[in-house]
Amino acid sequence: MAAPSAEERRRLYSLQDEIASKIVLEDRFSEEVVAGVDQAFISREDGREMVVSGAVALDPSLSLISKSWAVLETSFPYLPGLLSFREGPAAVEAIRRLEAKPTILFVDGCGVNHPRRAGLASVIGVTLEIPTAGVSKNVLCGTFDPPDRVGDASPLVYEGERVGYVLLSKKRCRPIVVAPGTGVSVESALDLARRYLRDHKLPEPCFAAHQHVNDVKSRILSGEFSF
DNA sequence: GCGACAG
DNA sequence: ATCTTGTCGC
């Protein structure tokens, strides 16, 4: 995967600035269709790398409404701060293939807790005009005081702004990070993450999407699915 | 210059 | 993310 030139990077940064300018940090979501999306990768023998995205749509009681997936050839390397250019296209396509349009979508990755306020969750949300929340297992940027009791959360601050929360979601697990993508306030991002937590480290929509995409990946590798 | 760095 | 078996703990 060719690393982008300094000039190309500047162009991508301006694209992120454009996305960031369209982010809404106010609540504009409902919970009729609660979805989750996640990506996995496949390295083929011929050297090509594929991105597999899996999306799941659940109703308020977490019953499955619909699943979808999409596969595209990778066209960008992994670079901190530029993840959306690697995983965004496949994720957007998978979400478009869901039977029901999500009214709130959980994305594996950052939201506004990003150097240019344009993490994957924000990019997907602005692109598809869907309220989104970003959930990540590691901090890309920002500082915080580690929460020490299950259920506790500490503000994640970046450049003097509260961009998300670090939440201790489960015993014997490292805390997770939750932040608005767009169409969700910082407080609601935390509330949503807490309310959709069940018996796993990640909120159920994220967990379900992760299981789904890995299932799709294994079926592709076994030849059951083709594209 | 050095370290950090979503997935 | 991915490479990978067993293993410790609830």
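None of these values were measured; they are calculated from a predicted model. When reading the values below, keep in mind they use all heavy atoms of this one structure, side chains included, and skip hydrogens, waters and symmetry mates. A note on names: the letters A, B, ... follow the listed sequences, proteins ahead of strands, and every chain is numbered from 1.
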Tell me: CD of A/E49 to P of C/dC3, nearest whole Å?
11 Å
Check every strand shown and say whether A/K217 touches a base, only sugar-phosphate, or nothing at a heavy-atom separation below 4.0 Å.
sugar-phosphate
A/L79 CG to C/dA1 P: how many Å, rounded?
17 Å
Closest to the A/R172 side chain, choosing from B/dA6, B/dG7, C/dC10:
C/dC10
Just how far, in rounded Å, is P of B/dG7 from NE2 of A/H114?
12 Å
At 4.0 Å (heavy atoms only), tell me whether A/Y78 reaches a base, stays on the sugar-phosphate, or touches nothing.
base
The side chain to side chain donor-acceptor pair (under 3.5 Å) partner of A/N214 among A/Q211, A/H212, A/H210 is A/H210
Indicate whether the side chain of A/E87 and that of A/Y78 have a donor and an acceptor atom separated by less than 3.5 Å.
no
When rounded to whole Å, the CZ to P distance for the pair A/R86 and B/dG7 reads 13 Å
Between A/N138 and B/dG7, is there a contact of a side-chain N or O with OP1 or OP2 at under 4.0 Å?
yes
A/L83 CG - B/dG7 C1' separation (whole Å)
5 Å
Is the closest side-chain donor-acceptor distance between A/Q39 and A/S53 under 3.5 Å?
yes
Whole angstrom value for the distance that separates C1' of B/dA6 from CD1 of A/I19:
17 Å
Have a look at A/G134 and say if it touches a base, only the backbone sugar-phosphate, or nothing, with a 4.0 Å heavy-atom cut-off.
nothing
What is the separation between atom NZ on A/K170 and atom P on C/dG9, rounded to the nearest whole Å?
17 Å
Classify A/V139 by what it touches in the nucleic acid, base, sugar-phosphate, or nothing, heavy-atom distance under 4.0 Å.
sugar-phosphate
Report which part of the nucleic acid A/L82 touches: base, sugar-phosphate, or nothing (heavy-atom distance under 4.0 Å, all strands).
base
Does either side chain, that of A/E31 or that of A/Y196, offer a donor lying less than 3.5 Å from an acceptor on the other one?
yes
Any base atoms under 4.0 Å from A/K137, or only sugar-phosphate, or nothing? Heavy atoms, all strands.
sugar-phosphate
Under a 3.5 Å threshold, yes or no: a donor from one side chain and an acceptor from the other, between A/D59 and A/S61?
yes
Given atom CE of A/M1 and atom C1' of C/dT2, what is their separation to the nearest angstrom?
15 Å
